[in-house]
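All remarks here apply to the structure that follows.
All values below come from the heavy atoms of this structure, side chains included, with hydrogens, waters and symmetry mates left out. The first residue of the sequence shown is numbered 1, and numbering continues consecutively from there.
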Amino acid sequence: MKITTVLQKNEIQELTQASNLRGFQAVVTTWAMIAGAFCMVAIYPSPFMVLGALVILGGRHLALAILMHDCAHYSLFRTRILNDILGRWVCAYPTWQDLKRYRVHHMDHHKHAGSGKDPDLSLIKSFPISKSSYVRKILRDLSGISGLKRIYGLVLMDLGLIKYTVAADVQRLDQKGRTVKQVFREAFGNLHGVVITNVILWGVLYSLGHPWLYLLWVVSYLTTFSVFVRIRSIAEHAYTLEGLDPLKNTRTTLANFLARITVAPHRVNYHLEHHLLMTVPYFNLPRLHSVLKERGALKGAFLSQGYLEVLQAAVINKSK
């Protein structure tokens, strides 16, 4: 389906109008929640508070990644320079993301979603899976194993040893003719922002007398963030149909309050709408959903009432 068959040109222009105010609001509230998670553990240090902070921080790692995603589409702010600079330094680098390389990768995903050429296909091609397989995946996420594997892959990508991806595929790059100096130069170019922003975060916590709180940032990245990323990926494209039509290869999942602070920050749950019109800013996605639904454009599309419904369908009773 082409969006122009449902929406008028002026409607598209209105829906795709970004807002600096709403962009800054998204960034500030995300970092305010991060600060709040640190504060509640600093003030009331207890296992319960630590667990709550890990849930919030894991969701905020994902929230920053989603804001970077929006900057990749130039839809978080009105100008390219704000999307590029803030997208890198405030959204991407603190959670070990790379806006420039991600933008190239992600545009290929939009171009080829639902086909064998989709660079993110490895994230969802095995679904539905058995209950035991799903439990093993979640346990690897919660134990930090998945996170450590992700870090290992990021290091190899930042060194230029394997091709950049946010999926599970590994493609080794030819190292013929590369010198050690070239490897370290590329690593510096890819990692300097990650190091600088995380040193600043640690430095702020240190100046406040609680440097140990930085461990919560690291542990949440290794554990809860891994869980939330997996669930979000399943919901977006798993066990849909082949073909380039977003109505057939992409899913929208309605999100309650808990989902919005964990697996679906910044309206990322309206993923079908995003694929139909990818430059719509996050705050207009619910409106686009309503318009499409009112005009009957979502009949036969993949719509789920919640993430529990998605996960129940992702798990089948079979041995694997």
Original post:
N83 side chain to F77 main-chain N or O, any donor-acceptor pair under 3.5 Å?
Top reply: yes

Subject >> Connected hydrophobic set around F184, excluding itself, where side chains approach under 4.5 Å >> reply: V180

**OP:** Kindly compute the distance separating CZ (R267) from CG (D70), expressed to the nearest 0.5 Å.
**Re:** 12.5 Å

**OP:** Could you label the plane-to-plane angle of the Y206 and W202 rings as parallel, tilted or perpendicular, counting under 30° as parallel and over 60° as perpendicular?
**Re:** parallel

Subject >> Spacing of CE belonging to M157 relative to CD1 belonging to I162, to within rounding of 0.5 Å >> reply: 5.0 Å

Taking distance alone, no hydrogens or angles, what donor-acceptor pairs closer than 3.5 Å link side-chain atoms of residues 165-172 to residues at least two apart or in another chain?
residue	atom	partner	partner atom	Å
T165	OG1	A167	N	2.9
D169	OD2	S122	OG	3.4

Original post:
Which distance, rounded to the nearest 0.5 Å, do you find between the CZ of R295 and the OG of S290?
Top reply: 11.0 Å

**OP:** Could you tell me whether the side chain of R60 and the main chain of M33 form a donor-acceptor pair under 3.5 Å?
**Re:** no

**OP:** Using atom types as modelled and distance alone, determine if a side-chain donor or acceptor of R178 lies under 3.5 Å from a backbone N or O of G160.
**Re:** yes

**OP:** Determine, for Y134 and R230, whether the Lys NZ or Arg CZ falls below 6.0 Å from the six-membered ring centre while staying within 45 degrees of the axis.
**Re:** no

Original post:
Can you say whether the rings of H275 and H110 are parallel (under 30°), tilted (30 to 60°) or perpendicular (over 60°)?
Top reply: parallel

**OP:** Would you confirm whether R251, through its side chain, and A235, through its main-chain N or O, come within 3.5 Å as a donor-acceptor pair?
**Re:** yes

Subject >> side chain to side chain donor-acceptor pair (under 3.5 Å) between Y307 and N269, worked out >> reply: CA-CA 9 Å; Y307 282 83; N269 54 298; 5.2 Å; no

Original post:
Can you tell me if CZ on R88 sees more than 12 non-hydrogen neighbours from other groups inside 6.0 Å?
Top reply: yes

**OP:** State the CD1-OG1 distance between I231 and T253, to the nearest 0.5 angstrom.
**Re:** 11.5 Å

Original post:
Which heavy-atom pair separates Y282 from A26 by the least distance, and what is that distance?
Top reply: OH-CB, 3.6 Å

**OP:** Please check if the side chain of S220 supplies one atom and the backbone of W217 the other of a donor-acceptor pair under 3.5 Å.
**Re:** yes

Original post:
When you measure from the side chain of W31 to the backbone N and O of V90, does any donor-acceptor pair fall under 3.5 Å?
Top reply: yes

Original post:
Is the centre of the H69 ring less than 6.0 Å from the centre of the H266 ring?
Top reply: no

**OP:** Could you pull out the closest heavy-atom pair between T30 and A63, with the gap in Å?
**Re:** CG2-CB, 3.9 Å

Subject >> Evaluation steps, side chain to side chain donor-acceptor pair (under 3.5 Å), between R22 and Q25 >> reply: CA-CA 5 Å; R22 298 297 293 270; Q25 180 184 34; 3.1 Å; yes

Subject >> Side-chain (E186) to main-chain (L161) donor-acceptor, under 3.5 angstrom >> reply: no

Subject >> Neighbour count >12 (heavy atoms, 6.0 Å) for atom CD, E242 >> reply: no

**OP:** Output the distance between atom CG (L258) and atom CZ (R260), rounded to the nearest 0.5 Å.
**Re:** 10.0 Å

Original post:
Which heavy atom in V41 sits nearest to a heavy atom in M49, and how many Å separate them?
Top reply: CG2-O, 3.6 Å

Original post:
Given R101 and D98, is the salt bridge (Lys or Arg N to Asp or Glu O under 4.0 Å) satisfied, shown in steps?
Top reply: CA-CA 6 Å; R101 290 184 293 174; D98 187 314; 2.8 Å; yes

Original post:
Mind checking whether L64 and I34 have side chains closer than 4.5 Å, heavy atoms only?
Top reply: yes

Original post:
Do the side chain of T223 and the main chain of G144 share a donor and acceptor less than 3.5 angstrom apart?
Top reply: no

Original post:
Taking the hydrophobic residues Ile, Leu, Val, Met, Phe, Trp and Tyr, and joining any pair whose side-chain heavy atoms are under 4.5 Å apart, which ones share a cluster with L241?
Top reply: F302

Original post:
Does any N or O in the side chain of H192 come within less than 3.5 Å of the main-chain N or O of G189, such that one atom is a donor and the other an acceptor?
Top reply: yes

**OP:** On the 0 to 90° scale, with breaks at 30° and 60°, tag the F225-H61 ring pair as parallel, tilted or perpendicular.
**Re:** tilted

**OP:** Please answer whether the main-chain N or O of S130 pairs with a side-chain N or O of S133 as donor and acceptor at a distance below 3.5 Å.
**Re:** no

Original post:
Rounded to the nearest 0.5 Å, how far does CG of D141 lie from OG1 of T224?
Top reply: 10.0 Å

